Amino acid sequence: MYTYESEGADIQAKAYAPGHITGFFQIHEHENPHRKGSTGCGIVLNGGVTTEVKIGRSVEKTEIFLNGKRVEGRTTRTVAEMMTELPVRIRSWSEIPTGCGFGASGAGALGTAYALNNALSLDQTVKSLTEYAHVAEVINCSGLGDIAAQSSGGVVIRLQPGGPEFGLVDRIPTSEARVFCIVLGEISTGSVLRDEAAASRINSAGKEAMSELLKKPTLENFMQQSKAFASKADLMSSKAKDVIEAANANGGLASQAMLGDTVFAIAPYSEQFRLYEALQEFGVVLEYGISTCVPKLMNE
């Protein structure tokens with residue numbers, strides 16, 4: 001725990017972390033939050049969350065804001081409490097939807113860790129900052145594997161669960177690709193993770209998907225295994241099924257973001273316009289790219 005006695009002026013720092021969509025996963029419970037997590041595969045996006053922290057005499061209590069609105073922000077708050085006893089004002093701006101399977105809580109937690117490390121001159125390494133964010137996610141049931149992926153970038157295969165001390169990741173080499181998304185609604189990550197029946201289905205389907213992916217680790221196979229996982233785990237809404245079928249019929253590969261009622265899809269360049277038009281029938285199409293971006297500090 002680190003404390004800092006302000007000499008008067010407020011101290012500020014800002015950081016950015018990318019979003020992440022999980023295609024399939026397997027839950028790995030452990031009493032040690034550093035070892036608890038998930039295995040699976042997902043894609044890191046070129047849209048994410050920018051987080052600014054402020055510490056000083058003008059900050060009397062810890063407050064968290066998301067896109068200008070005060071929020072509880074349990075995961076982000078936990079990161080702050082692990083890193084300092086001082087009150088912190090944390091403001092985040094998200095380019096990705098929240099509560100819909102884009103890894104927004106993980107991005108906010110990582111950004112907070114990076115920004116606090118800079119503001120307080122804690123001199124922590126990336127591994128340590130990633131560990132703070134992972135533990136905060138696990139403790140608050142807001143995620144299990146996003147942090148590991150968001151700290152790596154690209155199409156990330158999570159081979160062993162846990163924070164960087166115990167986890168192991170690899171990546172699928174791929175060219176730049178556009179990712180089209182339709183947000184249909186929110187799913188509470190915590191409620192699914194606490195449901196034993198759902199967890200059993202997830203683990204069975206996730207184990208099979210990982211086995212099949214490792215036989216042929218390509219972006220296209222990842223999409224196919226993600227779709228099979230969503231169906232076998234019984235997490236796909238009827239509306240999501242309709243969107244996925246439409247995407248597949250118009251040159252795309254699509255599945256459901258875990259855990260969220262969101263469909264994400266890719267297509268060869270020649271088919272992207274046709275896919276985009278088909279998805280527009282279901283709502284606003286969000287467009288991102290697969291990114292090798294990792295968390296980073298930002299200049300004021």
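Being a predicted model, the structure only gives us computed values, none of them experimental.
- The two residues Arg35 and Phe166 come nearest to each other via the heavy atoms NH2-CE2, 3.1 Å.
- Under the 4.5 Å side-chain criterion, counting only non-hydrogen atoms from C-beta, Arg91 is not in contact with Thr50.
- Considering only heavy atoms from C-beta on, Ile21 stays 4.5 Å or farther from Tyr288 through its side chain.
- Ring planes of Tyr276 and Phe180: perpendicular class, angle over 60° (limits at 30 and 60°).
- Remark: the backbone N or O of Lys207 is not paired with any side-chain donor or acceptor of Ser211 at under 3.5 angstrom.
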Given the rule in the side chain to side chain contact (heavy atoms under 4.5 Å, CB included) test, do Lys232 and Arg201 qualify, once you have shown the distances and angles that lead to the verdict?
CA-CA 7 Å; Lys232 292 174 183 176; Arg201 293 193 304 271; over 6 Å; no

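- The aromatic ring centroids of Tyr16 and Tyr114 lie 6.0 Å or more from each other.
- Using a 4.5 Å heavy-atom cutoff, the side chains of Glu165 and Lys127 are in contact.
- Not counting sequence neighbours, Phe264 has no partner by the ring pair (Phe, Tyr, Trp, His ring centres under 6.0 Å) test.
- Ala265 approaches Ala247 most closely through the heavy-atom pair CB-CB, 4.4 Å.
- Using a distance-only test at 3.5 Å, with no hydrogens or angles considered, no donor-acceptor pair links the side chain of Gln12 to the main chain of Val53.
- With sequence neighbours left out, the ring pair (Phe, Tyr, Trp, His ring centres under 6.0 Å) criterion links Phe222 to no other residue.
- The only option from Cys41, Pro217, Pro173 that meets the side chain to side chain contact (heavy atoms under 4.5 Å, CB included) definition with Val155 turns out to be Cys41.
- In summary, the side chains of His28 and Thr39 do present a donor paired with an acceptor at a separation below 3.5 Å, with no hydrogens or angles considered.
- Thr75 and Glu137 form no side-chain donor-acceptor contact under 3.5 Å, judged by distance and modelled atom types alone.
- Side-chain N/O atoms of Ser94 and Asn67 include no donor and acceptor closer than 3.5 Å.
- Counting only distance, with no hydrogens or angles, the side chain of Ser151 and the backbone of Ile147 share a donor-acceptor pair below 3.5 Å.
- Neither Leu275 nor Val179 shares a network with the other; the hydrophobic side chains, linked directly or stepwise wherever heavy atoms of I, L, V, M, F, W or Y lie under 4.5 Å apart, form separate groups for each.
- Taking the charged nitrogens against the carboxylate oxygens, Glu212 and Lys215 do have a contact shorter than 4.0 Å, which makes a salt bridge.
- Annotation: the span from Gln150 atom CD to Leu45 atom CG amounts to 9.0 Å, rounded to 0.5 Å.
- Side-chain atoms of Ser92 and Thr51 include a donor-acceptor pair closer than 3.5 Å.
- The two residues Gly185 and Cys100 make their nearest non-hydrogen contact at O-SG, 3.7 Å.
- Annotation for Asp261 and Ser237: closest pair OD1-OG, 2.9 Å, computed over non-hydrogen atoms.
- Side chain of Ser255 to main chain of Ser226: a donor-acceptor pair is present (N/O by atom type, distance under 3.5 Å, no hydrogens or angles).
- Using a 4.0 Å cut-off between charged nitrogen and carboxylate oxygen, Glu31 and Lys36 do not count as a salt-bridge pair.
- The shortest distance between side-chain heavy atoms of Leu253 and Glu220 falls below 4.5 Å.
- The distance from atom SG of Cys181 to atom CD1 of Ile266, rounded to the nearest 0.5 Å, is 11.5 Å.
- Remark: side-chain polar atoms of Thr78 are paired, donor with acceptor, to backbone N or O of Arg74 under 3.5 angstrom.
- At least one donor-acceptor pair under 3.5 Å links the side chain of Gln256 to the backbone N or O of Gly260.
- Under a hydrophobic-cluster definition in which Ile, Leu, Val, Met, Phe, Trp and Tyr are linked whenever side-chain heavy atoms come within less than 4.5 Å, directly or via other members, Ile90 and Trp93 are assigned to different clusters.
- Heavy atoms only, all atoms of each residue included: Ile182 and Leu279 are closest at CD1-O, 3.4 Å.
- Side-chain atoms of Met83 and Leu129, non-hydrogen and from C-beta on, do get closer than 4.5 Å to each other.
- Residues Val294 and Pro18 share a closest heavy-atom pair of C-CD, 4.0 Å.
- In this structure, Arg158 contributes its side chain and Ala149 its backbone to no donor-acceptor pair below 3.5 Å.
- Once rounded to the nearest 0.5 Å, the distance linking OG1 of Thr112 with CD1 of Ile64 reads 7.0 Å.
- For the atom pair CG of Asn46 and SG of Cys293, the computed distance is 8.5 Å after rounding to the nearest 0.5 Å.
- Taking OG1 of Thr174 as the reference point, atom CD1 of Ile290 lies at 5.0 Å (rounded to 0.5 Å).
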Side chain to side chain contact (heavy atoms under 4.5 Å, CB included) for Val263 and Lys239? Distances and angles first, verdict last.
CA-CA 10 Å; Val263 171; Lys239 187 69 175 291; over 6 Å; no

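- Rounded to the nearest 0.5 angstrom, Glu131 CD and His134 NE2 are separated by 6.5 Å.
- The backbone N or O of Ala148 lies less than 3.5 Å from a partner atom in the side chain of Ser152, making a donor-acceptor pair.
- In this structure a side-chain-to-backbone donor-acceptor pair under 3.5 Å is missing from Arg171 to Ile157.
- No donor-acceptor pair under 3.5 Å is formed between the side chain of Asn140 and the backbone N or O of Ser142.
- Alongside Val156, the hydrophobic cluster contains Val44, Val169 (criterion: ILVMFWY side chains under 4.5 Å).
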